[in-house]
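Numbering of ligands and ligand atoms starts at 1, following listing order. Predicted, not measured: the structure shown is a model, and the values here were computed from it.
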Amino acid sequence: MNIEIVDVLVIGAGPSGSVAASIINKAGYNVKIVEKVKFPRFVIGESLLPRCMEALDEAGFIPALERKGFQQKFGAKFVKGEQITDFDFSNKFTEGWNWTWQVPRADFDQLLAEEVARMGVPVEFETEVTGITFHGTDSVTTVTTPDGGSKEIHARFIVDASGYGRVIPRLFNLDRPSNLPSRKTVFAHFEDPNRFLFDEPNRITIIAHQPDIWAWVIPFSNGNTSVGFVGNPAFFDQFPGSTADKLRAIINSNGYTAQRFSDSAFIFEPRTLEGWSVTTDRFYGDGFVLTGNVTEFLDPIFSSGVTLATASGQKAAQLVCRQLAGEAIDWQQQYVEPTMQGVNTFRSYVMAWYDGSLQDIIFSANQSSEIKRQICSVLAGYVWDTANPFVRRHDTVLTSLAKVIKLEAESVAGL
Ligand code: FAD
């Protein structure tokens with residue numbers, strides 16, 4: 001069998017893997033990416049958050065991304081019937097990036113993979129990891145190659161950035177169910193000739209359709225826009241026909257989407273996804289670390305996926321380099337705890353969205369501008385800034401504030 005030797009093997013050429021590989025390569029280690037499929041490939045997750053620019057910057061990807069001309073994103077707009085709340089990232093509480101991009105992921109991920117290859121990291125497509133054995137921190141990974149053969153890759157460390165592939169959790173039985181209920185989406189890309197009537201395309205729109213059903217509207221620079229409805233799987237069963245029939249009917253049942261998309265053509269046949277929330281027993285072990293979606297994916301409502309993927313890829317890569325240089329790393333304290341700080345902050349916001357308390361806050365009539373700035377920081381992905389009370393007390397602050405808003409509304413109504 002063919003044998004290769006590297007310092008670090010990265011599994012998966014999504015944003016998490018490309019960011020990690022670039023940072024490890026810059027530190028002078030011999031790193032390789034293996035990627036199961038051929039790029040470009042479709043993946044959902046098209047709205048980025050400003051916080052992910054820090055990781056893309058450290059990886060050296062920003063100049064190439066700028067040249068590509070993706071749609072710039074300056075904020076997020078929430079719509080519920082006639083109510084509109086617009087968050088402008090330049091008003092956020094935390095210092096840092098005020099903008100990012102809205103990207104068709106096939107193009108975005110391919111560009112990152114091309115860039116990391118240009119920097120000197122071999123990226124092998126159509127190369128699937130099928131087995132791993134560990135000997136202390138050293139490992140031997142078996143991969144299938146595009147010609148139908150197989151080979152072994154010996155590494156001093158593995159970064160598992162395999163996203164929904166979940167390579168190490170599956171091989172070593174580390175998968176655990178999430179504490180969030182299963183949800184479903186029906187989505188497509190649409191032509192969007194009406195976008196300028198809606199004061200876009202330089203932000204995304206989140207539509208609160210029903211208490212637990214919402215939609216994303218993410219315009220791209222090519223004139224097309226991604227639209228998807230998300231919620232309880234039973235919601236979609238009430239609409240008869242094919243996936244396309246269902247999406248068309250749901251679009252027409254919402255005032256905003258009906259006005260903007262009822263006559264718009266699909267760019268591809270609508271698709272569904274279901275049950276994406278999953279987690280794992282542990283994020284690291286002797287000779288490996290999990291990054292991105294392999295650690296935990298919550299829910300798409302706040303576009304947190306790529307930010308958590310790139311931030312964890314960045315953090316893991318920095319620690320891998322320090323460990324390979326001989327430093328003792330406390331992975332629990334230096335990797336898991338900071339990663340979970342971000343994940344758990346978003347988890348509180350996701351839960352508060354679905355139980356309605358965050359929607360009451362976002363759409364409340366008398367908003368404090370300071371509170372709005374603090375929530376805006378979370379929506380921009382700055383979930384590690386514990387100077388922000390809406391990060392530091394994420395598990396209690398939303399429920400308390402929603403209660404105050406409700407009492408105020410009742411007192412105005414004279415109840
Ligand atoms: P991925 O992008 O999934 O990349 C992993 C790569 O690993 C893949 O290319 C895969 O082919 C490869 N791989 C898998 N198995 C193997 C193997 N055995 N061997 C080799 N390679 C392998 N996030 C956002 O930020 N914004 C959004 O608007 C957003 N919307 C979403 C909407 C929905 C409905 C869902 C479900 C998710 C959404 N997300 C969003 C989340 C986003 O899709 C992910 O968080 C993000 O893609 C994670 O990046 P990653 O690099 O960890 O993994």
Side-chain angles (χ1 to χ4, degrees), residues 9-21 32-52 55 73 76 100-106 108-110 112-113 123-132 141-145 153 158-171 180 182-187 204-206 214-218 220 226-231 271-278 290-314 316 343 346 350 379 381:
L9 177 65
V10 175
I11 308 173
S16 194
S18 291
V19 163
K32 160 185 280 264
I33 303 181
V34 288
E35 165 55 55
K36 180 174 163 180
V37 301
K38 194 172 169 184
F39 276 23
R41 56 93 175 87
F42 183 87
V43 65
I44 196 69
E46 298 148 333
S47 152
L48 308 184
L49 300 181
R51 174 59 177 78
C52 83
K73 169 182 173 184
T100 185
W101 285 287
Q102 296 154 188
V103 297
R105 283 286 302 282
F108 177 78
D109 289 20
Q110 184 177 25
L112 300 192
V123 185
E124 291 186 9
F125 294 99
E126 298 177 273
T127 301
E128 180 179 359
V129 172
T130 54
I132 304 174
T141 297
T142 308
V143 297
T144 55
T145 48
I153 303 174
I158 296 177
V159 175
D160 182 0
S162 60
Y164 305 104
R166 312 189 61 71
V167 169
I168 288 185
R170 283 201 176 140
L171 287 175
L180 296 170
S182 181
R183 297 204 163 89
K184 176 171 175 170
T185 178
V186 176
F187 65 94
I204 65 158
T205 300
I206 302 293
W214 62 274
W216 75 70
V217 176
I218 306 173
F220 302 131
S226 177
V227 183
F229 279 79
V230 181
R271 303 178 186 192
T272 62
L273 275 176
E274 190 169 347
W276 45 74
S277 302
V278 64
L290 313 182
T291 68
N293 257 29
V294 192
T295 55
E296 173 147 15
F297 178 65
L298 300 166
D299 191 273
I301 176 71
F302 297 116
S303 306
S304 56
V306 172
T307 294
L308 292 172
T310 51
S312 61
Q314 175 187 26
V343 171
F346 275 123
V350 168
L379 300 180

Exercise. Rounded to the nearest 0.5 Å, how far does OG1 of T295 lie from CZ of R166?
Worked result: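 Here the rounded value is 8.0 Å.
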
Exercise. Can you tell me how far CZ of F187 sits from CZ of F229, rounded to the nearest 0.5 angstrom?
Worked result: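 Result: 14.0 Å between the selected atoms.
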
For ligand 1, which of its N or O atoms have a protein N or O partner closer than 3.5 Å, and how long is each gap?
| residue | atom | partner | partner atom | Å |
| --- | --- | --- | --- | --- |
| ligand 1 | 2 (O) | R105 | NH2 | 2.9 |
| ligand 1 | 7 (O) | S162 | O | 3.4 |
| ligand 1 | 9 (O) | E35 | OE1 | 2.7 |
| ligand 1 | 9 (O) | E35 | OE2 | 3.1 |
| ligand 1 | 9 (O) | R41 | NE | 3.2 |
| ligand 1 | 9 (O) | R41 | NH2 | 3.0 |
| ligand 1 | 11 (O) | E35 | OE2 | 2.6 |
| ligand 1 | 18 (N) | V129 | O | 3.3 |
| ligand 1 | 19 (N) | V129 | N | 3.0 |
| ligand 1 | 21 (N) | K36 | N | 3.0 |
| ligand 1 | 25 (O) | S47 | O | 3.4 |
| ligand 1 | 25 (O) | S303 | O | 3.3 |
| ligand 1 | 25 (O) | G305 | N | 3.4 |
| ligand 1 | 25 (O) | V306 | N | 2.7 |
| ligand 1 | 26 (N) | S47 | O | 2.8 |
| ligand 1 | 28 (O) | S47 | N | 3.3 |
| ligand 1 | 43 (O) | I44 | O | 2.6 |
| ligand 1 | 43 (O) | Y164 | OH | 3.0 |
| ligand 1 | 45 (O) | N293 | OD1 | 2.6 |
| ligand 1 | 47 (O) | R105 | NH1 | 3.1 |
| ligand 1 | 47 (O) | R105 | NH2 | 3.0 |
| ligand 1 | 51 (O) | P15 | N | 3.3 |
| ligand 1 | 51 (O) | S16 | N | 3.0 |
| ligand 1 | 52 (O) | N293 | N | 2.9 |

Exercise. Which heavy atom in G163 sits nearest to a heavy atom in V294, and how many Å separate them?
Worked result: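 Scanning both residues completely, I find the closest heavy atoms to be N-CG2, 3.4 Å.
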
For this session: May I ask you to decide if the ring planes of F297 and Y164 are parallel, tilted or perpendicular, using 30° and 60° as cut-offs?
Result: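 Correct class here is perpendicular.
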
Problem set entry | Cation-pi check, R41 onto F125 ring (under 6.0 Å, within 45° of axis) |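 Negative - R41 is either too far from the ring of F125 or too far off its axis.
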
For this session: Would you please name every residue forming a ring pair (Phe, Tyr, Trp, His ring centres under 6.0 Å) with F220, sequence neighbours left out?
Result: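 Once residues adjacent in sequence are excluded, the partners of F220 under the ring pair (Phe, Tyr, Trp, His ring centres under 6.0 Å) criterion are H189.
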
